Protein chains: 2
Amino acid sequence: MSITVVGSVAYDSIETPAGRRERCLGGAATYFSLSASFFTDVRVIAVVGEDFGPAQEAVFAARKIDTRGIEHTAGKSFLWEGSYLENINEARTHITELNVFAAFEPKIPAAYADSEFLFLANIDPVLQRRVRESMPEVKLVAGDTMNYWINDHRPALLEVLKGLDILLINDTETRVLGENKNLVQAARAVMAMGPRILVVKHGEYGATLFHRSHPKGEGAERTFRAPALPLEQVIDPTGAGDSFAGGFFGYLASQPELTPGAFRRAMFYGSVMGSFACECFGIERLQQLSRAEIDARFNVFRELTHLD
Amino acid sequence: MSITVVGSVAYDSIETPAGRRERCLGGAATYFSLSASFFTDVRVIAVVGEDFGPAQEAVFAARKIDTRGIEHTAGKSFLWEGSYLENINEARTHITELNVFAAFEPKIPAAYADSEFLFLANIDPVLQRRVRESMPEVKLVAGDTMNYWINDHRPALLEVLKGLDILLINDTETRVLGENKNLVQAARAVMAMGPRILVVKHGEYGATLFHRSHPKGEGAERTFRAPALPLEQVIDPTGAGDSFAGGFFGYLASQPELTPGAFRRAMFYGSVMGSFACECFGIERLQQLSRAEIDARFNVFRELTHLD
């Protein structure tokens, strides 16, 4: 089944202990769609400026990603500049230029209307909601957000959460959104806002999948923890969370049935894609990747966690 | 096989968001030995003051822990007072009174001489080394330490590390001791100092077992990550790390052979015991525990992490 994703397609200037890169193609929708494209068909809704040309278009085309929903307008694309010099796990933002994103009004191509999966990447919840409402027929909706929206745009975000099946956020975001220092209690509070599944990303410690209810008995859904791979060198963590989301949601979309086992494997594929994203600057590693490498690493994750 | 443990038997005054307890029986050797006692015979070497009486003695006796190596002297027992009010994962120390511990000279009872496993809990590395050298026949030696010794007593600690098979420390301690911000590289640096196995405890995110070499092929030892249980309420995390060590080392001592599979299961039992320790103040939960509860939770940990 195909996924439609709405989010940022942007340029990132990144500095990490491993070096510096200027104006790499990035943005949440870019990382998400490259990652998910190894599992299923992906369609992107975004806006770019005149600085997005055939070279950038080719990045998506190489992964057969549908870009008919990427609107081209006058001006410059979204720009983010940040560094990870003191702490490789925490970005310090130097510059955020919304540029063409400031007036973004998502338009859904008619050709996207039969997408059964929808991913609302981290953008203004007003836009997330508009896209969600324009695609009422989708089977499964997942989304991401960040502390800025949680703190300063809470009412709009709460409206979005009502329409989500799955929310993917990190530890801090979960505690702030759920207004509770205890992760399990915060997760329960967040799920009461709408999503029946919450995936909390712990960075270098993996991720946890929570369910709104924990039915007992055969095949019951359950809390599940996927590890992260202990990496000898993190070149650039930019986009690791979006790559996780792409692997997780892409794998789910590839499955004939959304069984508890499918969700557990999806958590592993999310972690796998997040680990690859960190190995090179920007999207470089995702561009070079093969499905065979992905499945080999899936087995490494199994070895890393399984008793037998 | 029996374990001899040397470390502190102490009183703790603890404040957490769940409440406050004055002068609970605690100390690394207490938590370690209670935890390990569910798996094998344990013998303690420590020093206590006149405030350690029959009631405290009974805590060890109830778990059939050999206390002939606990020396009774004039004065007061080691006292620690701390709180976890801002961050449940990080103790803030208010008072540390060494008391009788200041002049501690570990003496090993003749009856302990046939212990095949030795655990050097977090005490002055000069004392750890003395105990290690007094028991040259032990089959497996594990130890713990903390930032104070790493930073201010490094030469003495490096001598101890040469005689360790297994070191159990946390993330920060690993990075400081290994002088590297990357955990994998720091772990390798630490293992080059002596221990062939390093267990890095990640608190609420579980723990990782690293090996000095990663041989390939059938049955090869491998890096292994055990989760922690997402707990709905952490009453008191005091002693969770020592309880982890007790479960880990106790389980290993109970095994006929130290296979890679035994180490993986030991990681799970360590996490299981750490999770129980957090459920009540001080040692309360460990005192009420049964082996059946431990094995039931082991299965919960398997469910939490295994794909099938």
Side-chain angles (χ1 to χ4, degrees), chain A residues 17-18 84-89 171 174 180-188 198 200 202-210 214 220-235 260-269 271 278 298-308, chain B residues 17-18 84-89 171 174 180-188 198 200 202-210 214 220-235 260-269 271 278 298-308:
Chain A
Y84 305 82
L85 295 178
E86 280 141 54
N87 182 350
I88 192 73
N89 296 308
D171 285 65
T174 304
N180 196 310
K181 281 186 182 177
N182 178 279
L183 192 68
V184 180
Q185 293 184 35
R188 186 175 305 132
L198 173 66
V200 183
H202 312 308
E204 64 173 320
Y205 300 116
T208 305
L209 182 144
F210 293 99
H214 297 271
E221 296 183 343
R222 61 192 189 192
T223 300
F224 187 70
R225 277 208 160 166
L229 194 66
L231 286 175
E232 203 156 325
Q233 201 180 5
V234 173
I235 299 292
F263 276 97
R264 294 196 291 273
R265 291 189 299 275
M267 288 289 286
F268 267 53
Y269 277 112
S271 270
C278 296
F298 183 95
N299 287 329
V300 170
F301 273 72
R302 182 193 283 267
E303 285 274 300
L304 187 64
T305 53
H306 282 47
L307 291 166
D308 312 302
Chain B
Y84 305 82
L85 294 178
E86 279 142 56
N87 182 350
I88 192 72
N89 297 308
D171 285 65
T174 305
N180 197 309
K181 281 186 183 177
N182 178 280
L183 192 67
V184 181
Q185 293 184 34
R188 187 175 304 132
L198 173 66
V200 182
H202 311 309
E204 64 173 320
Y205 300 116
T208 304
L209 182 145
F210 293 99
H214 297 271
E221 297 183 342
R222 60 193 189 191
T223 300
F224 187 71
R225 277 207 160 167
L229 194 67
L231 286 175
E232 203 156 324
Q233 200 179 5
V234 173
I235 298 291
F263 276 97
R264 294 195 290 273
R265 292 189 299 275
M267 289 289 286
F268 267 51
Y269 277 112
S271 269
C278 296
F298 183 94
N299 288 329
V300 170
F301 272 73
R302 182 193 283 266
E303 285 274 300
L304 186 66
T305 51
H306 281 47
L307 291 166
D308 312 301

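Since we're looking at a predicted model, the values are computed, not measured. Just so we're on the same page: letters track the sequence lines, and every chain starts at 1. These values consider heavy atoms only, across backbone and side chains, with no hydrogens, waters or symmetry-generated copies.
The structure places OG1 of A:Thr305 at 14.0 Å from CZ of B:Phe301, a figure rounded to the nearest 0.5 Å. Atom-to-atom distance recorded for A:Arg222:CZ and B:Leu304:CG is 8.5 Å, nearest 0.5 angstrom. In this structure, CD on A:Glu232 lies 11.0 Å from CG on B:Leu183, to the nearest 0.5 angstrom.
Of all heavy-atom pairs between A:Thr223 and B:Pro230, the closest is CG2-CG, 4.2 Å. Residues B:Leu231 and A:Asn182 come closest through the heavy atom pair O-ND2, 2.9 Å.
With a 4.5 angstrom heavy-atom cutoff, B:Asp171 touches chain A only via side-chain atoms. In this structure, chain A has no heavy atom under 4.5 Å from any part of B:Leu209. The contact between A:Ala228 and chain B is made by backbone and side chain atoms together, counting heavy-atom distances below 4.5 Å.
Put simply, the residue from B:His306, B:Arg264, B:Arg302 that forms a side chain to side chain donor-acceptor pair (under 3.5 Å) with A:Asp308 is B:Arg302.
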Discussion item. Test side-chain contact (heavy atoms from CB on, under 4.5 Å) on A:Lys181 and B:Val234; report intermediate values, then the result.
Written reply: CA-CA 11 Å; A:Lys181 281 186 182 177; B:Val234 173; over 6 Å; no

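Taking the six-membered ring for Trp and thresholds of 30 and 60 degrees, A:Tyr205 and B:Tyr205 have nearly parallel ring planes, at less than 30 degrees apart.
Of the residues considered (B:His202, B:Gln185, B:Met267), B:His202 shows the highest number of contacts with chain A, using heavy-atom pairs under 4.5 Å.
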